[in-house]
Undergrad: 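Attaching a single structure in structure tokens format; questions to follow.
Nothing fancy with the numbering, it's 1 onward along the sequence. Note that ligands are numbered from 1 as they come in the structure, with each ligand's atoms numbered from 1 the same way.
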Amino acid sequence: MKILVVGGGGREHTICWKLAQSPKAEKIYCAPGNAGISEVAECVPIGAMEFEKLADFAEQNGIGLTVVGMDDPLIGGIVDVFEERGLRVFGPRKNAAVIEGSKAFSKELMKKYNIPTAQYETFIDVKKAKEYLKTCRIPVVLKADGPALGKGVLICMTREEAMAGINELMVDRKFGASGDKVVIEEFMTGREVSVLSFVDGKTIRIMASAQDHKRAKDGDQGLNTGGMGNFSPSPFYTEEVDAFCREHIYQRTVDAMAAEGRPFKGVIFFGLMLTPDGPKVLEYNARFGDPETQVVLPRMKNDLVDVFEACIDGTLDRIELEFSDQAAVCVVLASEGYPLSYEKGVPMEGFERFRGLDDFFCFHAGTKFDAEGRIVTNGGRVLGITALGKDLKEARAKAYIATDWIDFRTKYMRHDIGKAIDEA
Ligand code: AMP
Ligand code: GLY
């Protein structure tokens, strides 16, 4: 079968790499892809938001399965466009991707179906929002309803900060229409865990847990980023936590979406907070995480083509997921200055060190070939260096050794990815 993957980051590199191991994958294309992806797939210069062009490509090239990695095209309805044209595609339709696309929607869903999450109120009126902030508990969390590149969440430690935050979102419209509706939410404390799952509309199969590191600097300082590294499994995701989430969160979410006439097919990424009152949902994403994918898929034993097809066909109940006992750690090599401004086009070297190793991976995010055919930086997050080990400590030590193999002038990373492992 010919397969098209939509996206061009570390997540899509990992998906392409995993798909390439399937005997069913005859040829893999990736649009737009990146330098590393071109080792396992043919990169096609079509943007992820060019739905009609992507569907034309799928039709003209006899693509039997399209896999959408990124949030924006899913929220924008790429799956509906492909389905209308009779093309097989993995991912939620627009009316289900709203679980990520609208915070107000996901909060209402959780309230209606009794899924544990932080208490909240939704506002479309600036005055009413400010009135509420005068008496609510502090700290408080403000969330722009719509997508804001992961930056639409403001954690406010004082009332003044919260008032300024409302101005930023609703008056100055820093995130445009995404901030016209705002969720004001109770501040929760605890450890965060990411859990990825496959869903076929009715059945849900949990992949492995992972822990992300969202801040740019060591010690969880600095600005929020897309993720600077992570590890899997999370030692804090115990059997007890898993049992609670299976009873109160996972299946309930899938059933809720079906009951709302929005059956979800694809990946649900549960962002959980393990609070003193038990696990609660921080957020849902309608796709694989990045870099969660870089630590979860290398541990997965199943044929990924089979799993994608079962989700599309509604036969996921016939599949049991299997994961290796090995642990994985991913350290992101970023460009100095990320997530603000950074240089692009910086030449990189050292990739050959990863060849032929099956416990070290160099997943590309922001990379491309320059006119001379050299691999150069092309984004904020540049590479995800992943290693497998017999336990988390070994995987972490190996991942950090491998971060030395790659050289580029603007290389930046956190040095404490997985530090929490020592506290487990
Ligand atoms: P979200 O995009 O909703 O996951 O929010 C981004 C980050 O903000 C989360 O990963 C948490 O670290 C933090 N956050 C979001 N909501 C809350 C909350 N209610 N209490 C504490 N921290 C939160
Ligand atoms: N690493 C967080 C995300 O993919 O949203």
Undergrad: Any salt bridge between Arg205 and Glu320, counting N to O under 4.0 Å?
TA: yes

Undergrad: Crowded around Ile124 CD1? As in, over 12 foreign heavy atoms under 6.0 Å?
TA: no

Undergrad: Closest non-hydrogen protein atom to atom 2 (C) of ligand 2, residue and atom name please, with distance?
TA: Asp212 OD2, 3.4 Å

Undergrad: Step through it carefully: locate the ring centre of Phe269, locate the ring centre of Phe288, and say whether they are under 6.0 Å apart.
TA: no

Undergrad: Go through ligand 1 atom by atom and flag the ones less than 4.0 Å from a non-hydrogen atom of Met273.
TA: 21 (C), 22 (N)

Undergrad: State whether Asp125 and Lys130 are salt-bridged, where the test is any N-O pair (Lys NZ or Arg NE/NH1/NH2 against Asp/Glu carboxylate O) under 4.0 Å.
TA: no

Undergrad: Is the shortest distance from a Lys or Arg side-chain nitrogen in Lys24 or Glu309 to a carboxylate oxygen in the other one below 4.0 Å?
TA: no

Undergrad: Any idea which atoms of ligand 1 are less than 4.0 Å away from a heavy-atom of Lys143?
TA: 3 (O), 15 (C), 16 (N)

Undergrad: Apply the ring pair (Phe, Tyr, Trp, His ring centres under 6.0 Å) test between Trp405 and each candidate in Phe354, Phe351, Phe361, Tyr400; give the one that qualifies.
TA: Phe354

Undergrad: Would a line drawn from the ring center of Tyr412 to the ring center of Tyr338 be shorter than 6.0 Å?
TA: no

Undergrad: Can you list the ligand 1 atoms lying under 4.0 Å from a non-hydrogen atom of Glu185?
TA: 16 (N), 17 (C), 18 (C), 19 (N)

Undergrad: Does atom 21 (C) of ligand 1 have any protein heavy atom closer than 4.0 Å?
TA: yes

Undergrad: Met188 versus ligand 1: do any nitrogen or oxygen atoms come within less than 3.5 Å of each other?
TA: yes

Undergrad: Tell me which protein heavy atom sits closest to atom 8 (O) of ligand 1, plus the residue, atom name and distance to 0.1 Å.
TA: Val153 CG1, 3.6 Å

Undergrad: With Glu292 as reference, evaluate Ser232, Ser209, Ser194 under the side chain to side chain donor-acceptor pair (under 3.5 Å) test and give the passing residue.
TA: Ser194

Undergrad: Has Arg299 got its NZ or CZ under 6.0 Å from the middle of the six-membered ring of Phe323, at an angle within 45 degrees of the ring axis?
TA: no

Undergrad: If the cut-off is 4.0 Å to any non-hydrogen atom of Gly289, which atoms of ligand 2 fall inside it?
TA: 4 (O)

Undergrad: Using a 4.0 Å heavy-atom cut-off, say whether Asn285 meets ligand 2 through its side chain, its backbone, both or neither.
TA: side chain

Undergrad: Mark up the atoms of ligand 2 that fall under 4.0 Å of a heavy atom belonging to Glu292, in ascending order.
TA: 1 (N), 2 (C), 4 (O)

Undergrad: Pull out every atom of ligand 1 sitting under 4.0 Å from any heavy atom of Phe187, numbered as shown with elements.
TA: 20 (N), 21 (C)

Undergrad: Here's one to test your reading of the geometry: is the NZ or CZ of Lys398 within 45 degrees of the ring axis of Phe360 and under 6.0 Å from its centre?
TA: yes

Undergrad: Show me which atoms of ligand 1 lie under 4.0 Å from any heavy atom of Lys103.
TA: 1 (P), 2 (O), 3 (O)

Undergrad: Please work out, at 4.0 Å between heavy atoms, whether the side chain, the backbone, both, or neither of Leu282 comes within that distance of ligand 1.
TA: both

Undergrad: Regarding ligand 2, does Gly226 bring an N or O atom to under 3.5 Å of one of the ligand's N or O atoms?
TA: yes

Undergrad: Considering heavy atoms of the protein only, find what lies nearest to atom 5 (O) of ligand 2 and give residue, atom and distance to 0.1 Å.
TA: Arg287 NH2, 2.9 Å

Undergrad: Does ligand 2 have an atom under 4.0 Å from some heavy atom of Phe269?
TA: yes

Undergrad: Establish, for the pair Lys143 and Tyr120, whether the NZ or CZ atom is under 6.0 angstrom from the six-membered ring centre and no further than 45 degrees off its axis.
TA: no

Undergrad: Once you restrict to heavy atoms under 4.0 Å, what part of Ile155 touches ligand 1? Side chain, backbone, both or neither.
TA: side chain

Undergrad: Tell me whether Glu394 contacts the main-chain N or O of Gly389 through its side chain, where contact means a donor paired with an acceptor under 3.5 Å.
TA: no

Undergrad: Hey, which atoms in ligand 1 end up nearer than 4.0 Å to a heavy atom of Lys214?
TA: 10 (O)

Undergrad: What part of Glu192, side chain from CB on, backbone N/CA/C/O, both or neither, has a heavy atom under 4.0 Å from ligand 1?
TA: side chain

Undergrad: Check this for me - ligand 2, Arg11, N or O atoms closer than 3.5 angstrom, yes or no?
TA: no

Undergrad: Is the shortest distance from a heavy atom of Pro291 to ligand 2 less than 4.0 Å?
TA: yes

Undergrad: Can you tell me if Gly227 contacts ligand 2 (heavy atom of the residue under 4.0 Å from the ligand)?
TA: no

Undergrad: Does Phe57 have its ring centroid less than 6.0 Å away from the ring centroid of Tyr29?
TA: yes

Undergrad: Among protein heavy atoms, which sits nearest to atom 4 (O) of ligand 2, and what does the distance come to when rounded to 0.1 Å?
TA: Asp290 N, 2.9 Å

Undergrad: Could you check whether any side-chain heavy atom of Thr253 comes within less than 4.5 Å of a side-chain heavy atom of Asp255, counting everything from C-beta outward?
TA: no

